[in-house]
Amino acid sequence: MHPDELSSREYQRQRDSDLAHRSVSGGFVYLGFLAALWATTDYFSSHTALLAAITGISAACGAARFLLAYHFDRVYAWNPGAWRVAYFIVINLNALAWGLFLMCTFLLYGYREWKTLLLLVCLAGTAPIGLAAQTPNPLVIRTFLVSLTAPMIAANLYLGGSVNYTMALVFFWYLVFALGHARILHRQYVDYTLEKFALAAAKKSAEDANRAKSAFLANMGHELRTPMNAILGMTHLALNSPADAERRQYLLMVKSAGESLLAMLNRLLDFSKIEAGKVELEAVPFSVRHVADETMQSFIAEARSKGIQLRSHVDAAVPLRLQGDPLRLRQVMVNVVGNALKFTDRGEIESRISRIPDSSAGVLLQFTVRDTGIGIAPEKQLSIFEAFEQADSSTTRKFGGTGLGLAISSRIVELMGGRMWVESQPGLGSSFYWTARFATVSEKAAGGVREAAQAVIPAAATPNLKILVAEDHDMSRQLLKRLLEMRGYIVVAVANGREALREMEQQVFDLVLMDIHMPELDGIGTAAEIRRREQEGKAVPIIAMTAESAESLGERYATSGITEYFAKPIKPDRLFELIEKVYRTVNATGMSGTA
Ligand code: ADP
């Protein structure tokens, strides 16, 4: 049982509504018993007032029960407390009247009379019916049972004698068991009702998620088609254009559309990884200022073209160096600032980073990105953090987007021990806030693992390399061959691992570049075979290409002898950089298989 849920308004309403509707039939049961008394006994002629009184009270209570059920919604909406008090009074008045009526009948006629016997049967029948009907409210069940039986217990004790004492004891025993059962039934009711609520909530959230996913699919189709159309259209123009300069323009547009397609696919893959709990944050020394500056820098051109001012402020209390995952932090900032820019037409966007003093380990930072854009309606301010949710489908059509950015960002922030929220006024702008906890780092240790990784590799003359490329996908193979040849390498391209091994038997290569997923013999198997065949002497460096991460390839990757791994899709400059770095390292150390 959950006390919070029990006190919730929704639960109380359900409970009272159940009470109202269950108790209507009970009101009519009494009238049936009265009809039997009127018809088969001389009660009316001997004690007219008593029978008239109980008949009047029963009829009034029956009518009141009916009205309390029939007009439940109206009365409850007006004042739930008043409904509850009225219900309590009606049920207990009815029960007490019958308890007293039975007591009077017993005092007037004793146990030998048929009237008393008839009323005892009535009581034995109404008590369990009432008990079942009143289970939603434990207080009502208890007072109902006591009101019904207590007068008889009192009368029997008052008159005394072995028969009456025995009857008092039997009534008392009956009362104790009925109260015990009432408790069990009430617990079952609570469990059942809470389960019903949980199921309804789960059903609603499944329906909402389904609706959002359908909208997402429709939106995604549109989002994917737009750059796709641009790619096909521009390619067509480029193919038909005689002028080199014009063709170059078209191809630049094809490249930009391709990049935006890729960004969208990356976002989808990223989200599915986060959903599956497969994302682990890095913990490297980095500078928050650097991340903030870099992010804002990347938006300067776009902001300038829209006439929007960008401001960035990092409080002095924010440590220069921290330990955490700068790439993921940047991803969150890029998404939030990117949204701010997307949904703002004039004014400014301000980013602020401050430190929140707290006693836990590490440093807790608060990030704020404030814009003067279109704002978000209050009812949408929570749901935009859900996957696939967008505040307004009409703005979506205008501005584009997948509805995944904030879902990804808020989950990353949670992984960083923080949370994300928004304050916004439609028409005036929005402020997105998030907190994140980072470990502190000594200045010395901070010497810049990340900086080293980001350092620009000094330009060096392109080495004259002979490279073996193994890639099963026809177009990718041709693309790769052309790119590498344009760089000045000598390239032999084959379609799978077996062909690669055959080629290597006939020629010597400076480096092997191959896909992991290939038919016949895949990249990992090929690498292992190359290493097996290599006798002493220099080992050829092998760079594997895959859309998966090295970790997900597991043990086999680590032991296969692959020198380095390159994540697809191919970014030519990075690939050249890696090829030349690997080649130089291997030649400098004379070693290979350092994966
Ligand atoms: P999308 O790719 O659609 O931008 P997000 O998850 O990043 O996905 O954002 C979800 C929705 O939240 C957006 O479609 C937009 O309706 C709303 N939103 C996000 N940021 C802002 C902002 N700065 N101003 C107004 N609306 C915003």
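Side chains are part of it too, since the values below use all heavy atoms of this structure and drop only hydrogens, waters and symmetry mates. In listed order, ligands and their atoms are each counted from 1.
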| query | Is the closest side-chain donor-acceptor distance between R370 and Y433 under 3.5 Å? | reply | no

| remark: The residue among L575, V582, I579 that forms side-chain contact (heavy atoms from CB on, under 4.5 Å) with F566 is L575

| Numbered atoms and elements of ligand 1 in range of K342, under 4.0 angstrom, heavy atoms | 1 (P), 2 (O), 4 (O)

| said: At less than 4.0 angstrom from any non-hydrogen atom of N335, what atoms of ligand 1 do you find? | reply: 7 (O)

| query | Going by the atom numbers of ligand 1, which of them fall below 4.0 Å from some non-hydrogen atom of L404? | reply | 6 (O), 8 (O)

| remark: Among I384, V337, L406, the residue with a heavy atom nearest to atom 9 (O) of ligand 1 is L406

| Proximity of K380 to ligand 1 by residue part, where a heavy atom lies under 4.0 Å | neither

| After noting the C-alpha distance and the side-chain angles of Q331 and N335, does the key distance pass the side chain to side chain donor-acceptor pair (under 3.5 Å) rule? | CA-CA 6 Å; Q331 184 182 357; N335 180 48; over 6 Å; no

| task | With heavy atoms of G375 as the reference, note each atom of ligand 1 found under 4.0 Å away. | result | 25 (C)

| Donor + acceptor pair across side chains of H473, S476 (<3.5 Å) | yes

| said: Within the supplied structure, the quantity of interest is the number of heavy atoms (other residues, nucleotides, ligands) at a distance under 6.0 Å from E379 CD; does it exceed 12? | reply: yes

| Do T526 and M514 have side chains that get closer than 4.5 Å, going by heavy atoms? | yes

| query | Between G405 and ligand 1, does any nitrogen or oxygen pair lie at a separation below 3.5 Å? | reply | yes

| query | What atoms of ligand 1 come closer than 4.0 angstrom to any heavy atom of A340? | reply | 23 (N)

| remark: F432 heavy atoms within 4.0 Å reach ligand 1 at atoms 19 (C), 20 (N), 21 (C), 22 (C), 23 (N)

| Taking the minimum heavy-atom distance to atom 19 (C) of ligand 1, which of V336, I408, N339, V422 ranks first? | N339

| field | Main-chain N/O of T372 paired to R346 side chain as donor or acceptor, under 3.5 Å | value | no

